[in-house]
K.L.:
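Okay, handing you the structure first.
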Amino acid sequence: MSREEATSPDVSRPVVTRFAPSPTGYLHIGGARTALFNWLYARGRGGKFLLRIEDTDRERSTPEATAAILRGLTWLGLDWDGEVVSQFERKDRHAEVAREMLARGTAYKCFSTQEEIAAFRAEAEARGSYALFQSPWRDADPATFPDAPFVIRMKAPRTGETIINDEVQGRVVIQNSSLDDMICLRSDATPTYMLAVVVDDHDMGVTHVIRGDDHLNNAARQQMIYDAMGWEIPVWAHIPLIHGPDGKKLSKRHGATGVEDYQAMGYPAAGMRNYLTRLGWAHGDAEIFTTEQALQMFDLAGIGRGPARLDFKKLENTCGHHIAMSDDAALLHELTAYLVAAGKPALTNRQNTLLKSALYCVKDRAKTLPELLEKAHFALISRPVQPDEASAKSLDTVSRGILQTLTPQLRNVSWTKDALEPILTQVAAENGIGFGKLAAPLRAALAGRSVTPSVYDMMLVIGQDETIARLQDAAV
RNA sequence: GGCCCGUUCGUCUAUCGGUUAGGACACCAGAUUUUCAUUCUGGUAAGAGGGGUUCGACUCCCCUACGGGCUGCCA
C-alpha cells in the first residue's frame with residue numbers, strides 16, 4: 001500500500017514535531033487541531049513538541065495574535081518544549097543559508113524587478129496562457145550584474161520530478177517543470193516563508209512535519225531546498241483542513257472559529273481535545289477516550305484523507321461524557337476558568353462549596369459548563385428564591401397549602417433520602433395527588449426552576465435548614 | 001488556464017479484493033424516570049457517476065462531476 005511505502009522512519013532519532021502558526025489572528029479551530037496532532041504524535045512517543053511563530057510578515061503579524069495563540073494552546077493543554085521561537089528573529093540565519101546556497105550554486109541572484117515580473121505575467125495572461133516566470137539571471141555571468149537590488153532565487157531543477165512521500169497523502173509526484181525558481185531571500189534581505197520554514201525546521205531538528213494539506217504543493221519546493229543544502233528531509237504528513245458544517249471552508253461566517261470562543265461557550269478542554277482528535281482521525285471504533293489513551297493510540301496512519309466537517313452536536317455529546325468523567329476538583333477548576341473566559345462573575349466561596357457537593361447529581365446531565373451551572377442553579381442561589389415563569393405556575397394556592405403542611409414534618413427527621421422519601425410520598429397521598437404533582441412545587445420552591453435534579457438530591461445538597469426556609473418562603 | 005489533493009449513512013468514521021458494508025453523533029420509536037436529562041432497547045440511513053482490471057471490487061486503474069489547495073519579493 002502506498003501509505004506504508006511512504007513511511008521512511010528513522011527510529012534512531014527521537015520524534016520532534018512543531019506547530020508553526022502565523023500570528024495574524026486568533027488560534028482557529030483548524031490550527032488547534034493541527035497543533036493537537038503534532039502534540040499527540042510527539043508526546044505519545046516521548047518526543048518533543050516545539051512552537052514557532054511565523055512572524056516574518058511584519059505587516060500582518062501582531063503580538064496580540066501571538067498571545068491569543070499561546071492562550072489557546074494553553075487552554076487546550078498543549079504544552080510545548082523550550083522557548084517559543086520567533087521566525088523573524090532568525091532572519092540573519094535565513095540569509096546566511098541563502099548565501100550558502102549561492103555559494104553552492106543552488107541559488108542565484110536575480111535582478112529582475114517586480115515591475116518586470118508583473119509585466120511578464122500580464123503579457124502571458126493577455127495571450128490567454130499561463131507561464132512560469134523564468135529569470136534571465138539564472139545562468140548570467142556575474143560580470144554582467146548591475147549595481148541594483150536583487151533577490152536570491154532557488155535554482156530549481158527544470159526537468160525530472162520531485163516526489164513527496166507523505167504519510168497521509170501517499171506518494172505525490174510533482175513535475176519539476178511546473179515549479180519556478182522561487183524566491184528565497186527578498187530584495188530587503190528578509191527570507192520568504194519557503195526558505196524560513198525549511199531552515200527553521202532543520203535547525204530545530206524537526207523530524208515530522210504535520211501540517212495542513214494546503215502546504216502539500218509547497219512541500220515539493222521545500223524539499224528542493226533540503227536537497228540543495230544536503231539536509232535530511234523530514235517525514236511529511238499533510239492533513240486535510242477542517243470545514244464548516246456546510247462543507248465549505250471554515251470561515252467567520254460559521255460563527256465560532258477561534259478556540260477561545262469554544263472556551264467561552266463552555267466546552268471543557270478535555271472534551272474539545274477528544275472531539276478534535278476524532279475529527280479526521282480514527283482508531284477502530286474508539287470514540288470517547290482520555291488524553292492518556294489518545295497519546296497511546298494516536299498515529300499518522302489513522303488520519304483520514306478527506307476534509308472533515310465540524311459537528312457541534314457531536315462536540316457536545318463528547319463534552320458531556322468528559323464532564324461526567326472528570327473528577328470534581330478538576331471540574332471546579334475548569335468552571336472557574338470558564339467564568340473568567342466568558343466574562344461572568346466568579347463564584348463565591350459559599351457557592352463553590354455547595355456546587356462541589358451538588359456535582360454528583362448534575363455532572364452526568366450536562367454537556368457544557370453553562371449547562372452544568374444551570375442544572376446546579378438550586379445550589380448557587382440564595383433566598384429568597386426567584387421562581388422563573390415556568391416554575392411559578394406550579395406554586396398555586398393549593399400547592400402552597402400542601403407545602404405548609406409538609407414543612408413542619410421536615411423538622412425532626414434525619415436528613416437522608418430514606419427518611420425523607422416516606423414523608424413526601426405520604427403527603428402526596430394525603431392530598432390525593434401523584435408524586436409528580438408534589439415535585440413540581442417543590443422544584444419551584446427549592447430551585448425556582450421546573451427542570452432540576454431530583455428533589456431529594458436538592459434537599460440533601462442544600463441541607464435541612466435551607467430546605468425548610470425555602471419551603472416556608474414559598475408557602476406564604 | 002496549469003498542476004496537486006480529496007469524495008462510504010445527514011455528520012465523524014471502520015473496511016486495507018470476498019462483510020447481511022461495522023461503530024459513534026444526530027434523528028425516529030419504545031422502556032425506565034417525580035420534571036428535564038441520563039440510562040436501556042429497537043429502527044431509518046452510505047460506497048458521487050461512468051468505464052475498465054479481476055472468478056470477485058467501497059477497496060486497484062482511467063474518465064467525468066463536485067469540493068479543496070497551490071500557481072506571490074503572504075504564510
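Just so it is clear: chains get the letters A, B, ... in the order the sequence lines come, proteins before strands, and each one is counted from 1. Please read all numbers here as calculations on a predicted model, not as lab measurements.
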K.L.:
Can you identify which nucleotide, out of U34(B), C73(B), G22(B), has its nearest atom closest to the Asp285(A) side chain?
P.N.:
G22(B)
K.L.:
Which whole-number value in Å describes the distance from Arg305(A) CZ to C4(B) C1'?
P.N.:
16 Å
K.L.:
Measure NZ/Lys91(A) against P/A75(B) and give the value in whole Å, please.
P.N.:
14 Å
K.L.:
Assign Arg58(A) to base, sugar-phosphate, or nothing according to its heavy-atom contacts below 4.0 angstrom with the strands shown.
P.N.:
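Answer is nothing: Arg58(A) stays at 4.0 Å or more from every strand.
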K.L.:
Would you indicate what Thr318(A) reaches in the nucleic acid, counting non-hydrogen atoms under 4.0 angstrom: base, sugar-phosphate, or nothing?
P.N.:
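No contact.
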K.L.:
Check the distance between C4(B)'s P and Glu161(A)'s CD and give it to me in whole angstrom.
P.N.:
11 Å
K.L.:
Report which part of the nucleic acid Ser61(A) touches: base, sugar-phosphate, or nothing (heavy-atom distance under 4.0 Å, all strands).
P.N.:
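Ser61(A): no heavy atom of the nucleic acid under 4.0 Å.
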K.L.:
Is the phosphate of A75(B), meaning OP1 or OP2, less than 4.0 Å from a side-chain N or O of Arg211(A)?
P.N.:
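So the side chain of Arg211(A) is outside the cut-off, no N or O lying under 4.0 Å from OP1 or OP2 of A75(B).
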K.L.:
Are the charged groups of Glu125(A) and Arg121(A) less than 4.0 angstrom apart, N to O?
P.N.:
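No, Glu125(A) and Arg121(A) are not salt-bridged.
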K.L.:
Measure from the side chain of Arg186(A), starting at C-beta and using heavy atoms only, and say which of C74(B), U13(B), A24(B) lies closest.
P.N.:
C74(B)
K.L.:
How would you list, by chain and number, every residue that makes a ring pair (Phe, Tyr, Trp, His ring centres under 6.0 Å) with Phe19(A), sequence neighbours excluded?
P.N.:
none
K.L.:
RNA chain B: Leu185(A) or Val173(A), which has the more 5' nearest nucleotide?
P.N.:
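Its nearest nucleotide being more 5', the pick is Val173(A).
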K.L.:
Between Asn317(A) and A26(B), is there a contact of a side-chain N or O with OP1 or OP2 at under 4.0 Å?
P.N.:
yes
K.L.:
I need the full list of salt bridge (Lys or Arg N to Asp or Glu O under 4.0 Å) pairs touching residues 17-34 of chain A, with sequence neighbours left out, sorted by first then second residue.
P.N.:
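Qualifying pairs: Arg18(A)-Asp201(A).
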K.L.:
In whole Å, I'd like the distance from the CD1 atom of Ile183(A) to the C1' atom of A75(B).
P.N.:
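The distance from CD1 of Ile183(A) to C1' of A75(B) comes to 15 Å, rounded to the nearest Å.
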K.L.:
Checking contacts here: which listed nucleotide (G72(B), G6(B), C73(B)) is nearest the side-chain heavy atoms of Tyr130(A)?
P.N.:
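Closest of the options to the side chain of Tyr130(A): G72(B).
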K.L.:
With a non-hydrogen cut-off below 4.0 angstrom, is Val197(A) in contact with a base, only sugar-phosphate, or nothing?
P.N.:
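No contact at all - Val197(A) keeps every heavy atom at 4.0 Å or more from the nucleic acid.
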K.L.:
Does Phe120(A) have any ring pair (Phe, Tyr, Trp, His ring centres under 6.0 Å) partners at least two apart in sequence or in another chain, and if so, which?
P.N.:
Phe133(A)
K.L.:
In whole angstroms, how far is the P atom of U11(B) from the CG atom of Leu276(A)?
P.N.:
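Answer to the nearest Å: 19 Å.
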K.L.:
Rounding to an integer number of Å, can you tell me how far Leu132(A) CG sits from G2(B) P?
P.N.:
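Leu132(A) atom CG is separated from G2(B) atom P by 14 Å.
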K.L.:
Indicate whether OP1 or OP2 belonging to C73(B) is found under 4.0 Å from a side-chain N or O atom of Thr190(A).
P.N.:
no
K.L.:
Out of U7(B), A75(B), C25(B), which has the shortest distance to the side chain of Lys313(A)?
P.N.:
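Among the listed nucleotides, the one closest to the side chain of Lys313(A) is C25(B).
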K.L.:
Between C25(B), G6(B), G72(B), which nucleotide has the shortest distance from any of its atoms to the side chain of Asp311(A)?
P.N.:
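Minimum distance to the Asp311(A) side chain belongs to C25(B).
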K.L.:
So does Arg443(A) reach the base of U34(B) with its side chain, donor to acceptor, closer than 3.5 Å?
P.N.:
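Per atom types, the contact qualifies.
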K.L.:
Quick check: any donor-acceptor pair below 3.5 Å linking the side-chain of Lys314(A) to the base of A26(B)?
P.N.:
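No, no donor-acceptor pair under 3.5 Å.
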K.L.:
Both Lys417(A) and Ala308(A) contact RNA chain B. Which one's nearest nucleotide lies toward the 5' end?
P.N.:
Ala308(A)
K.L.:
For nucleotides 65-70 of chain B, just jot down a letter per nucleotide in 5' to 3' order: B, S or -, based on protein non-hydrogen atoms under 4.0 Å.
P.N.:
---SBS
K.L.:
Reckon Arg60(A) touches a base, only the sugar-phosphate, or nothing at all at heavy-atom distances under 4.0 Å?
P.N.:
base
K.L.:
For residues 442-460 of chain A, pull every pair meeting salt bridge (Lys or Arg N to Asp or Glu O under 4.0 Å), keeping only residues two or more places apart or in separate chains.
P.N.:
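For residues 442-460 of chain A, and leaving out neighbouring residues, the salt bridge (Lys or Arg N to Asp or Glu O under 4.0 Å) pairs sorted by first residue read Glu374(A)-Arg449(A), Asp388(A)-Arg449(A).
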K.L.:
Using a 4.0 Å heavy-atom cut-off, does Val172(A) contact any base of the nucleic acid, only the sugar-phosphate backbone, or nothing at all?
P.N.:
sugar-phosphate
K.L.:
Does the distance from a Lys or Arg side-chain N to an Asp or Glu carboxylate O, for Arg470(A) and Glu466(A), drop under 4.0 Å?
P.N.:
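Salt bridge present between Arg470(A) and Glu466(A).
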K.L.:
Any chance you could list the contact pattern along nucleotides 36-44 of chain B? Use B for base contacts, S for sugar-phosphate-only contacts and - for none, protein heavy atoms under 4.0 Å, 5' to 3'.
P.N.:
BBS------
K.L.:
Under 4.0 angstrom, heavy atoms only, what part of the nucleic acid is Gly280(A) near: base, sugar-phosphate, or nothing?
P.N.:
sugar-phosphate
K.L.:
Mind checking the P distance from C66(B) to G49(B)? Whole angstroms is fine.
P.N.:
15 Å
K.L.:
Any ring pair (Phe, Tyr, Trp, His ring centres under 6.0 Å) pairs touching residues 284-307 of chain A, not counting sequence neighbours?
P.N.:
Phe37(A)-Phe298(A), Trp281(A)-Phe298(A)
K.L.:
Does CD in Gln409(A) sit with more than 12 non-hydrogen atoms of other residues, nucleotides or ligands closer than 6.0 Å?
P.N.:
yes
K.L.:
What does A31(B) pair with, Watson-Crick or G-U, if both distances are under 3.5 Å?
P.N.:
U39(B)
K.L.:
Under 4.0 angstrom, heavy atoms only, what part of the nucleic acid is Tyr456(A) near: base, sugar-phosphate, or nothing?
P.N.:
base
K.L.:
Can you check the His28(A) NE2 to A75(B) C1' distance for me, whole Å?
P.N.:
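Those two atoms, NE2 and C1', are 11 Å apart.
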K.L.:
Charged N to carboxylate O below 4.0 Å: is that the case for Asp328(A) and Lys363(A)?
P.N.:
yes
K.L.:
Of all the heavy-atom pairs spanning Asp55(A) and Ser61(A), show the shortest one and how long it is.
P.N.:
CA-OG, 3.4 Å
K.L.:
Look at all strands and tell whether Ala282(A) reaches a base, only sugar-phosphate, or nothing, counting heavy atoms closer than 4.0 Å.
P.N.:
sugar-phosphate
K.L.:
What pairs meet the salt bridge (Lys or Arg N to Asp or Glu O under 4.0 Å) rule with one or both residues in residues 270-279 of chain A, with sequence neighbours excluded?
P.N.:
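Passing the test, one end in residues 270-279 of chain A: Arg278(A)-Glu287(A).
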K.L.:
Could you state the CD1-C1' distance from Ile117(A) to G72(B), rounded to the nearest angstrom?
P.N.:
10 Å
K.L.:
If you go through the side-chain atoms of Ser187(A), does one of them form a donor-acceptor pair with the base of C73(B) closer than 3.5 Å?
P.N.:
yes
K.L.:
If you look at every strand shown and take non-hydrogen atoms under 4.0 Å, does Glu287(A) touch a base, only sugar-phosphate, or nothing?
P.N.:
base
K.L.:
Just to verify, what does Asp203(A) make a side-chain contact (heavy atoms from CB on, under 4.5 Å) with, not counting sequence neighbours?
P.N.:
Arg90(A), Arg93(A), Val199(A)
